[in-house]
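Encoded as structure tokens, the structure appears first; notes follow it.
So you know, we letter chains A, B, ... as the sequences are listed, proteins then strands, and number each from 1. No experiment lies behind these values; they were computed from the predicted model shown.
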Protein chains: 2
Amino acid sequence: MGMTQKADRDQIRRQNRSVVLQALRRNGPQARIDLGRITRLSPATVTSITSDLISEGLVAGVEDDCQREREKGARGRPRSLLALHGPAARVLAVKLSVNTIEMALADYAGRLVGRDVAGFDSTSVTADGFSEILIDSLRAFIARTGGVAPSFIALASQGVVDDSAGTVAWSPAFAVRHVQIVGPLARAFGVPCLLSNDTNMIAEALHRSDPQRYGGTFAVLFVDYGVGMGLFINDRLFVGETGAAAEIGHANHIPGGALCRCGRRGCLEAYLGDYALLRHARGLDLQTPPACLPVGRETIRELIAAARAGDPGTLEAFHAGGTALGYAFARVIATLDPRRIVVTGAAADAYPLMEAAALTALEEGLVSDLRGSVEIEAIAWEEDLILRGTVARALHALDTEVFSETGYGNQREMLGG
Amino acid sequence: MGMTQKADRDQIRRQNRSVVLQALRRNGPQARIDLGRITRLSPATVTSITSDLISEGLVAGVEDDCQREREKGARGRPRSLLALHGPAARVLAVKLSVNTIEMALADYAGRLVGRDVAGFDSTSVTADGFSEILIDSLRAFIARTGGVAPSFIALASQGVVDDSAGTVAWSPAFAVRHVQIVGPLARAFGVPCLLSNDTNMIAEALHRSDPQRYGGTFAVLFVDYGVGMGLFINDRLFVGETGAAAEIGHANHIPGGALCRCGRRGCLEAYLGDYALLRHARGLDLQTPPACLPVGRETIRELIAAARAGDPGTLEAFHAGGTALGYAFARVIATLDPRRIVVTGAAADAYPLMEAAALTALEEGLVSDLRGSVEIEAIAWEEDLILRGTVARALHALDTEVFSETGYGNQREMLGG
DNA sequence: CAACTTTTTTTCGGACGTCGAAAAAAATAA
DNA sequence: TTATTTTTTTCGACGTCCGAAAAAAAGTTG
């Protein structure tokens, strides 16, 4: 607690195994000599570690491209490429949202083995009962994709997640609170199980896709039907003490301001959520209850179209949303001094409509000396980003926590190596 | 970048040396057997490491209390206590504020060797010129306290610090910006040099005083003439990408709100700073320029006295300040989900006057599900906390970064062992 | 086509750090 | 003086990394 832990011999090997696995995951198939350059381990050590990993079935040689890649006239012994061995393990990634369980299965090499969607009734499930529905859906999905048991399960859910309890504390996906997830799943499948906020998984996906650009300390603002935030701090996903960090949607923007879905006044979401934009666009009072507004999947797209067509009320709504967004930038920067802020989500396509107001608000909300050299960037929203991030996180957990453990040899057959 | 680093043998020894040094620093003089229990290292390893440290002059045996401590009737070979050896090194801690350079010198065992205050003219120093004044003051101070050169210098400054540049970007302590500190000092004294925000050093002091209580992720809100924040994330001081994290004083509280010293409207400080409280207590308009208000060292104390005497305007000012504080709590909790928030500073004595408003605001500003199990605590302000934290940080840096390096034997004489 | 060059991979021996077990040391108790 | 207890040190074993040398696997050259 607080003090650095002691180190011992085993730890060295664990860490270096993990470093080699991560190097292969990040850079694709590599020759041993290049693994040495990437990891700064000596060639001798690379040979030692990779021969362990090969005999454990986690890594395998690639015969395929060996000669094709070779430049003409290259002399010397040709490099033999090593790659993560797909069949070594499978990971199951799950995304929970309203009425929907989205599932993806990937092998250890990161190839997608299958994906599917199951439905459930968000309004009727109970806190204890949902896990059975979930387990059944996952079992059926696994059976359909070959019946190979996963080695790791990672889940992403809308709403507020309680890390230590392994529950969804509060979410639009469930009418009830404290929905049990991790415990029942880990028992049912007998494998490690990780539950996260969905927006965090966007940050994870970005980080894995380009660790240089999306690294250090950066924030993702997810502007969609609601507003979420994903946070990387010092190159690691940050979830806070209970897993509820980065819940900026219901952080206050203006004390006593617009009425929010959560019943409070002035939340950021009450200016940026789908219902908030619609409410403003229609010229309704800011205290109009969100439940009175007809929002759906199409809402945001329709609003963007209306604004592009020049509808003044809708433009004004995006302007107000942009102002709220800009103050959110200012507060995040003042608190965390990040390297980058990424805006995405269904409403990210509308960022050009909000940008001017957002930058003005940022200037009004933060002394310029504090703005550091932060870059603000809107990226087009892809629905798959969340599930991709969840897969990436599961694979990373295998690399660093499961397969870093030395002596995985016996389990090879079980996993289908 | 992003990927975990490789580990090797040297690193093990470095880490374990550092773990032993930290165990001695945190728990005071210890026998080898107890060091083994604390660090989870084997007795054999403890002997090996401590004998190195002793021969390098970093640790020394304590003959003194050996027998006094012994319980009557205790059998067996008596434990021989080891302690950090004071003369092994000295650290210099410096606090920069308006017109004032506060200095403290401590030995490696953490004992205060001397302290002093020097003055300078905040309004007239230049960005490049201040370092000379600083170096002269420090040289004179070192000469007065025995002339032993320090092994490490840590500085804390009011305002915004730029970590990578080693400058004070912007501060009430200087009329100019980007005041050079680290570079000139490191060159002049030839030792490592660390510059921090002063509020961060409060967090550091609390963490070192009780790592259990002030650990994990926690925030310190420093309410004084202005408002600052210090942040610990995952047991480590967090300063952001450029060192400007946790600058909550000029984060926006209410868009377009009260006029702040920085020229913007609605900053948290414009409701909680000394001038803000005074402005409100006197019933002045919120747009009254802060420069028009006669604030000084006594202001806060006088306001507290007036409020305790029942002055309605002053009570109302603290109420408004409390509301701003409560919204600040809400925003920090929503962003970081900390274990604890500590309120301190000259205005901390007034926390009872603000608490009711703060808790109401917290409730209005944050869904209860997000409140987690955060504890909010006001602690009485001690002026020395900042300098104590700066000393602690310097010593910790020696333990983990300088003396963890194996083979310090040759330098012993230089350092005065 | 055999000898040489180049590059990658493996093997070997040395160094070093941790650990468990045994020995040594330093006290009290009998 | 001898036994007991507790702490500290010593010793040998084991594991890991590394540098150097050897082996392997190609292309190049005469």
Side-chain angles (χ1 to χ4, degrees), chain A residues 5-20 29-55 59-63 65-82 404-407, chain B residues 5-20 29-55 59-63 65-82 404-407:
Chain A
Q5 289 277 311
K6 73 151 186 183
D8 60 15
R9 225 179 29 248
D10 289 1
Q11 220 169 9
I12 291 192
R13 189 58 150 194
R14 261 200 301 277
Q15 179 147 344
N16 286 342
R17 279 169 66 99
S18 161
V19 163
V20 168
Q30 295 291 323
R32 289 173 181 78
I33 184 112
D34 290 320
L35 281 176
R37 268 191 273 271
I38 294 169
T39 62
R40 309 183 144 275
L41 290 165
S42 73
T45 306
V46 172
T47 291
S48 165
I49 289 174
T50 53
S51 84
D52 281 2
L53 294 173
I54 289 169
S55 77
V59 161
V62 182
E63 283 81 33
D65 291 32
C66 207
Q67 282 149 331
R68 195 176 312 160
E69 291 281 342
R70 204 141 202 244
E71 296 155 34
K72 200 143 184 189
R75 319 222 305 191
R77 179 174 176 170
R79 39 189 67 184
S80 71
L81 300 184
L82 300 177
S404 63
E405 207 61 46
T406 175
Chain B
Q5 289 276 311
K6 73 152 187 182
D8 60 15
R9 235 183 14 258
D10 287 1
Q11 218 168 14
I12 290 193
R13 188 58 149 193
R14 262 200 300 277
Q15 178 146 344
N16 286 342
R17 280 168 65 99
S18 161
V19 162
V20 168
Q30 296 290 323
R32 289 173 181 78
I33 184 115
D34 290 320
L35 281 176
R37 268 190 274 272
I38 294 169
T39 62
R40 307 184 144 276
L41 290 165
S42 72
T45 304
V46 172
T47 291
S48 165
I49 289 173
T50 52
S51 84
D52 281 3
L53 294 173
I54 289 169
S55 77
V59 163
V62 182
E63 283 81 35
D65 291 33
C66 207
Q67 281 149 329
R68 196 178 313 161
E69 291 280 342
R70 202 138 204 244
E71 296 155 32
K72 198 142 188 189
R75 319 222 300 189
R77 178 173 176 172
R79 38 190 66 184
S80 71
L81 300 184
L82 300 176
S404 63
E405 207 62 44
T406 176

Rounded to whole angstroms, how far apart are [atom1] on [X] and [atom2] on [N]?
| X | N | atom1 | atom2 | answer |
| --- | --- | --- | --- | --- |
| A/Q15 | D/dC17 | CD | P | 11 Å |
| B/I12 | D/dC14 | CD1 | C1' | 13 Å |
| B/L41 | C/dT18 | CG | C1' | 9 Å |
| A/D10 | D/dC14 | CG | C1' | 11 Å |
| B/L81 | D/dT7 | CG | C1' | 12 Å |
| A/Q11 | C/dC16 | CD | P | 22 Å |
| A/I49 | D/dT16 | CD1 | C1' | 9 Å |
| B/D52 | C/dC16 | CG | C1' | 12 Å |

Between [X] and [N], is there a side-chain N or O to OP1/OP2 distance below 4.0 Å?
| X | N | result |
| --- | --- | --- |
| B/R77 | D/dT5 | no |
| A/S42 | D/dC17 | no |
| B/N16 | C/dT18 | yes |
| A/S48 | D/dT16 | no |
| B/T45 | C/dC19 | yes |
| A/K6 | C/dC19 | yes |
| A/S51 | C/dT10 | no |

With sugar-phosphate meaning primed atoms plus P, OP1 and OP2, does A/R9 contact a base, only sugar-phosphate, or nothing at under 4.0 Å between heavy atoms? base
Starting from the 5' end of DNA chain C, give me the residue, A/R32 or A/A7, whose nearest nucleotide shows up first. A/R32
The side chain of B/R13 lies closest to which of these nucleotides: D/dC17, C/dA27, C/dT18? C/dT18
Side-chain atoms of B/T47 come closest, of D/dT16, C/dA29, D/dT9, to D/dT9
Would you call B/Q15 and A/K6 a side-chain contact if the rule is heavy atoms closer than 4.5 Å? no
Check: B/T50 and B/V20 side chains under 4.5 Å, non-hydrogen atoms: yes
Under 3.5 Å, is there a donor-acceptor pair between the side chain of A/R17 and the main chain of A/L53? no
Indicate yes or no for a side-chain donor-acceptor contact from A/S48 to the backbone of A/A44 under 3.5 Å, with no hydrogens or angles considered. no
Could you check B/D34 against A/A44 and say which one's nearest nucleotide on DNA chain D is further toward the 5' end? B/D34
Note: A/D34-A/R37 ion pair, threshold 4.0 Å (strictly below): yes
